[in-house]
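Please read all numbers here as calculations on a predicted model, not as lab measurements. Chain letters run A, B, ... following the sequence lines, proteins first and then strands; every chain starts at 1.
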Amino acid sequence: MARRNAPIIRTLDKGAMAFLFLVAVAAIAIPAANLLLPPSSPFHVPTYLVALFGKYVCYALLALSIDLIWGYCGILSLGHGAFFALGGYAMGMYLMRQIGTRGVYADPILPDFMVFLNWKELPVFWYGFQHFPYAMLMVLLAPGALAFVFGWFAFRSRVTGVYLSIITQAMTFALMLGFFRNNFGFGGNNGLTDFKDILGFNVQAQSTRNALFIASCIALALCFIVCRALVTSKFGKVLVAIRDAESRTRFLGYRVESYKLFVWTLSACMAGIAGALYVPQVGIINPSEFAPGNSIEAVIWVAVGGRGTLTGAVLGAILVNYAKTTFTSGFLAEYWLFLLGGLFIAVTLFLPRGIVGTASHWWRERRDRDDAVAGDAAARPAE
Amino acid sequence: MSEMDPRLTTAQLYLNGVSVSFDGFKALNNLALTVEPGEMRAIIGPNGAGKTTMMDVITGKTRPDDGDVIFEGTRDLTTLDEATIANLGIGRKFQKPTVFEMHSVEDNLILALKADRRAFANLRWSETAPEMERIESILKTIRMTATRHRLAGSLSHGQKQWLEIGMLLAQEPKLLLVDEPVAGMTDAETHQTAELLKEINREKTVIVVEHDMTFVRALGVKVTCLHEGSVLAEGSIDQVSTDERVIEVYLGR
Ligand SMILES: Nc1ncnc2c1ncn2[C@@H]1O[C@H](COP(=O)(O)OP(=O)(O)OP(=O)(O)O)[C@@H](O)[C@H]1O
Ligand SMILES: [Mg+2]
């Protein structure tokens, strides 16, 4: 009889270890190539690329959070960009309050845009953001609370499938409209920018950029481990059961809405972390991050990489964004959206499991075939 | 409920005056049914008689327009949701076998296994030895030890039926609702299923819906014939199968 592996071995199987190893290599090699190698070396990585890679890692974390709910629980969120942006705004508010008297208007408390709007006092919801731990708490709490309230109503009323996807789109769209307004208190359409420093270090400095890149890699690795632990537990089996036969799961006595609410809220928190790490690396957060198109793009990354694989989501995010960087800087820039749409259609038609999904499916089939052949050989009587 | 006859409270399941209509069509019409603890009841009746709808009402999938559905004399099932009803100890095998296709046979059983259903309890979970023993014994009972690692989606119709029966066993319910368990099974498998249900019935109350009269006869239990949403005849298989109205609407076609 097959004995089962300990949970830790199930969580960190060969594939997961290989993934973590690659993340660790990237986290060490890229900063090393930037800081230690002279610019003349062919292996030198310029600082702007470190920031660009850092951005990719944040997108990868966003994709991971989407895969957790879409790939394992069948919840297709077309509004995850909202949670990413909320995490980003929480970080942006901390960074704004670090500017202090170095702003154009040199107001020690009020960020520039508030002085410009003739505001006399700091709005209450900006209180406390000068403290890093409080801001980090908000990075988790703002998206987490929104997701919890949204999920509470949606899952309890059993909104599923395309209807749920549509209301997630509506959610991010509504937030975008809100954040565009000046009187909302988040800088209107300019958003938050002109950051000076984070934890006392200049955000533009080469060393800070490398530190932020490493921090993003660590966040990605930790969230990946959390996701793995979740999907390999019995909780994860229930999630897949819900994905494939929701009502059957209820008839076994599982309270489907609690499972969904938990994983949905967790996923939103992860998206928030991704947004918070993204903002200091790109230097700005504005309402366009809430644009419905962003959320859809993120779903395409996951589809390309392979949903329900976790590693595929990360790979998809990095590949598609690398392609985007390449294309949008060339003469093909105008055609990027068509290209992305075409890619999505092609993947849906020809590679429905995505890259990693197809590869692992192929590998599993081959192994099963080999097993079957070995089994037949063993079963055949000796001649 | 307050004026309920106290005798009825001893019943495992008590349905009275249950009506369900879909767009004016009465799928159940003033249905009454009483099943005693430890009883096995076979339900027969023509297509569309309301047999599956009755199970939908008992398991909380469909809310009746009218009527009482009382479990163990105390719980009014018409006010509870599917998960609560399942946790009271009512398990169900569906007419169209529904297993978790992307899970292995073994994982299907693990999901069904009687255990804490709450989300947080399942976060830190790993199989205990008694649970694994239980899985082993169910796999043996449903003869799927060799196919335990196969994906449930790749099983044949008959195998899915068996797996679903295995899941029912794993759930350890007090009352089992079994909808057409032998559809798609060979004669030998049908016979085995009858034996298995009789075995299960030693400890649990069972309601089984089936069209296969040989199978119903093999069970040798009280039979209820439904027609147009209410009870047409009830009694032993010999009584029911010689009832003129039953022959007219069902057997004689
Ligand atoms: N959700 C629904 N909406 C509309 N009509 C329904 C619904 N469910 C069942 N019905 C109708 O109610 C009637 C009873 O259906 P039910 O499935 O209970 O029959 P049954 O006795 O199980 O038949 P069978 O032997 O074919 O399984 C049928 O005419 C069916 O078309
Ligand atoms: Mg039926």
Exercise. Scan side-chain atoms only and decide if A:Y254 and B:N122 contain a donor-acceptor pair under the 3.5 Å cut-off.
Key: no

Exercise. Specify which of B:A83, B:P173, B:A86 makes the most heavy-atom pairs with chain A at under 4.5 Å.
Key: B:A83

Self-check item: Distance in Å, A:Y72 OH paired with B:M102 CE, rounded so as to fall on 0.5 Å steps
Solution: 11.0 Å

Self-check item: B:R118 atom CZ: more than 12 heavy-atom contacts under 6.0 Å
Solution: no

Quiz item: For B:T84, is it the side chain, the backbone, both, or neither that has a heavy atom closer than 4.5 Å to a heavy atom of chain A?
Solution: both

Quiz item: If you measure from CZ on A:F251 to CD1 on B:I85, what distance do you get to the nearest 0.5 Å?
Solution: 8.5 Å

Self-check item: Test item: B:D81 and A:R255 side chains (from C-beta on) under 4.5 Å apart, heavy atoms
Solution: yes

Practice problem: If a pair satisfies salt bridge (Lys or Arg N to Asp or Glu O under 4.0 Å) and one of its residues is in residues 151-170 of chain B, list it, with sequence neighbours excluded. | Solution: A:R248-B:E164, B:K93-B:E164, B:E101-B:K160

Exercise. Check the surroundings of atom CZ in B:R150: do more than 12 heavy atoms from other residues, nucleotides or ligands lie under 6.0 Å from it?
Key: yes

Quiz item: Heavy-atom distance under 4.5 Å between the side chains of A:L252 and B:M167, does that happen here?
Solution: yes

Self-check item: Qualifying residue for side-chain contact (heavy atoms from CB on, under 4.5 Å) with B:L111, from A:V238, A:V240, A:T249
Solution: A:V238

Quiz item: Does any pair with a residue in residues 344-365 of chain A pass ring-ring contact (aromatic ring centres under 6.0 Å, His included), and if so which ones, sequence neighbours excluded?
Solution: none

Exercise. Can you establish whether the number of heavy atoms outside B:K114 located under 6.0 Å from its atom NZ is more than 12?
Key: no

Quiz item: Heavy-atom distance under 4.5 Å to chain B: side chain of A:S247, backbone, both or neither?
Solution: neither

Quiz prompt | Donor-acceptor under 3.5 Å (B:H103 side chain, A:K237 main chain) | solution = yes

